[in-house]
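Just so we're clear, the structure is a prediction, and the values are computed from it rather than from any experiment. As the structure lists them, so they are numbered: ligands from 1, and atoms in each ligand from 1.
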Amino acid sequence: MGEEAPEFLGNIDKNSILGYDSESQGYSSSIAIGDKIYVLGRSDDDANSSFSLKVFDKLGGKWSNPTVLGTKPTLSKGHSAVLINKNQILVLKSDSSPDECFWFLEVDTPFVKKQRELVGREVVAWSKGITGDAPKPIVISGPSGVGKGTLIAKLMKEYPTTFGFSVSHTTRAPREKEVNGVHYHFTERSIMEKDIRDGEFLETAAVHGNLYGTSIEAVEAVTNGGKRCILDIDVQGARSVRASSLEAIFIFICPPSFDELEKRLRSRGTETEEQVQKRLRNAKAELDQGTSPGLFDHILVNDDLETCYENLKKLLALDECTDVTYQPARENFKVPVCHSVTKEDHKVLIHCGNNGLEAETAITFVLDLTLLKGGAPGRTRGLHISAGGPLTESVNGMGQV
Ligand SMILES: Nc1nc2c(ncn2[C@@H]2O[C@H](COP(=O)(O)OP(=O)(O)O)[C@@H](O)[C@H]2O)c(=O)[nH]1
Ligand SMILES: Nc1ncnc2c1ncn2[C@@H]1O[C@H](COP(=O)(O)OP(=O)(O)O)[C@@H](O)[C@H]1O
């Protein structure tokens, strides 16, 4: 038989949501989903200020340390965990503001399943929960030379605190004015292929004989900065993102004619004749895919640049607003130390208070999950939290799921 489940699991009901693990001098929680128990606790490595996560497979009797994707929550005074559905565990960091408190641990979503196939081992993914509805990322595609980079540069220049560019990885050599870490992360193929195997990419594609990919970190870096993420990716990448939980707006840029596309590609002077020919051959297939129904939400013709740019701004509803940095709705209260959480239908009741057992000092917050959307590798949006009335009865601290 495999390893025995550790002692401290013994005194925690397998479906419990909160337990104290004396070994790690902090809170640990264990959630059973199917044949597995997910144990969330303090990392053994003091330098590591994030949660540790172990998975106990009840069938094989074995522990594993899963590959953990997404931005990990930093540790807090304590935490509570509650099972939302068979794929998601809601983890609440005690004594945190609403935009730091809610984290979703995804264990079997389509994104996690795809990454598990890629890496060939147990995978989980964190997705930060945000109240309200953050603006969707923007995917811009189009054949080489059509003007994607020019239009994106204009957006970033006019709205520097609204938009952030998702810096892709590529095995392509840098062009004369391109800066590593700004235009691309220029990468050796062997390194990029290893990182893909390690599940670090949201999507990758072979384009014009080179490898390109959007790392999860590249998207997170923009959203962590409170900016709206812009991805310049090819139609294969757009298809992958469309299939993921990263809900985005998909825009395809078309040239006014194929001759004009060739003229622009040549006038840019960044490709050899052989590369120009290859890109023009690929452009025909990209234009077919980009203009076929179902993949892109909008198609813009980049004939006159200023006209196309104004159309792009209208489409993004920018024509009347000024440069804004998106900040999640910051309710003006802190969710105090959670005493316990319980789930009722689409709501999570968060029981808080100094010691939790004196009803008159305890309060309940209600987290409404009805409008939840998105998820790893992006944010989980649409949370709504309201402060409920005082706790009407004491809760035993080991609320049941
Ligand atoms: N799938 C995918 N495509 C990308 C990514 N980054 C860039 N591309 C696409 O790769 C193609 C070639 O990009 P690049 O070599 O910069 O040439 P350009 O199209 O002439 O700007 C373009 O269609 C880009 O949209 C990425 O991370 N993923
Ligand atoms: N509307 C336009 N009319 C004429 N030239 C354009 C227009 N948009 C972009 N260009 C030029 O075409 C070339 C390709 O533009 P670029 O933004 O690099 O395309 P992409 O990023 O799609 O490969 C650049 O030299 C750019 O200045």
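Each of the following atoms of ligand 1 lies closer than 4.0 Å to a heavy atom of Asp232: 4 (C), 5 (C), 6 (N), 7 (C), 8 (N), 24 (C), 25 (O). The ligand atoms of ligand 1 that sit less than 4.0 angstrom from a heavy atom of Ser144 are 18 (P), 19 (O), 20 (O). Distances below 4.0 Å separate heavy atoms of Asp303 from the following atoms of ligand 2: 1 (N), 2 (C), 3 (N). Atoms of ligand 1 found under 4.0 Å from any heavy atom of Gly237, numbered from 1 in the order shown, are 1 (N). Short contacts between ligand 2 and Pro143, defined as distances under 4.0 Å to a heavy atom of the residue, involve ligand atoms 22 (O). Ligand 1 places these atoms under 4.0 Å from at least one heavy atom of Val207: 10 (O), 11 (C). In the vicinity of Gly149, heavy-atom distances shorter than 4.0 Å reach the ligand 2 atoms 17 (O), 20 (P), 21 (O). Near Arg172, meaning under 4.0 Å from one of its heavy atoms, ligand 1 places the atoms 14 (P), 15 (O), 16 (O). Heavy-atom proximity to Ala205, at under 4.0 Å, picks out these atoms of ligand 1: 1 (N).
Comparing Gly269, Pro256, Gly147 by heavy-atom distance to atom 19 (O) of ligand 2, the nearest is Gly147. Looking at Glu260, Arg264, Lys263, it is Arg264 that brings a heavy atom closest to atom 6 (C) of ligand 2. Nearest to atom 26 (C) of ligand 2 by heavy atom, out of Thr150, Leu151, Val301, is Thr150.
For atom 15 (O) of ligand 1, the nearest protein heavy atom (residue, atom name, distance) is Tyr212 OH, 2.5 Å. Of the protein's non-hydrogen atoms, the one nearest atom 27 (O) of ligand 1 is Ser168 OG, 2.7 Å. Nearest protein neighbour of atom 13 (O) of ligand 1, counting heavy atoms only, is Tyr184 OH, 3.3 Å.
Using a 4.0 Å cut-off between a side-chain N of Lys or Arg and a carboxylate O of Asp or Glu, Asp297 and Arg242 qualify as a salt bridge. The residues Lys194 and Glu200 are annotated as not salt-bridged, no charged nitrogen and carboxylate oxygen being separated by less than 4.0 angstrom. Salt-bridge check for Lys263 with Glu260: passed, with a basic side-chain N closer than 4.0 Å to an acidic carboxylate O.
Leu69 pairs with exactly one of Asp198, Val124, Val112, Val123 by the side-chain contact (heavy atoms from CB on, under 4.5 Å) rule, that one being Val123. Partner Arg172 forms a side-chain contact (heavy atoms from CB on, under 4.5 Å) with one of Asn210, Val207, Leu211, Thr187 and no other, that one being Asn210.
Contact between Gly149 and ligand 1 is absent, with no heavy atom of the residue lying under 4.0 Å from the ligand. Using a 4.0 Å cutoff on heavy atoms, Glu271 does not count as a contact of ligand 1. Heavy-atom distances between Lys148 and ligand 1 reach below 4.0 Å in at least one pair. Assignment of Arg279 to the shell around ligand 1 is supported, since a heavy atom sits closer than 4.0 Å. Residue contacts with ligand 1 include Glu203, since one or more of its heavy atoms lies under 4.0 Å from the ligand.
Taking distance alone, with nitrogen or oxygen atoms compared against 3.5 Å, Thr204 stays at or beyond that limit from ligand 1. When only interatomic distances are considered, the shortest N/O to N/O separation between Thr214 and ligand 1 falls below 3.5 Å. Taking only nitrogen or oxygen atoms, main chain and side chain alike, His208 does not reach within less than 3.5 Å of ligand 1. Looking at ligand 1, you won't find any N or O of Gln236 less than 3.5 Å from one of its N or O atoms. Taking distance alone, with nitrogen or oxygen atoms compared against 3.5 Å, His169 stays at or beyond that limit from ligand 1.
Neither the backbone nor the side chain of Arg264 has any atom closer than 4.0 Å to an atom of ligand 1 (non-hydrogen atoms only).
Residues Phe51 and His79 place their aromatic rings such that the two centres sit under 6.0 Å apart.
Looking at Ser168, its side chain never comes within 3.5 Å of a backbone N or O of Tyr212 through a donor-acceptor pair.
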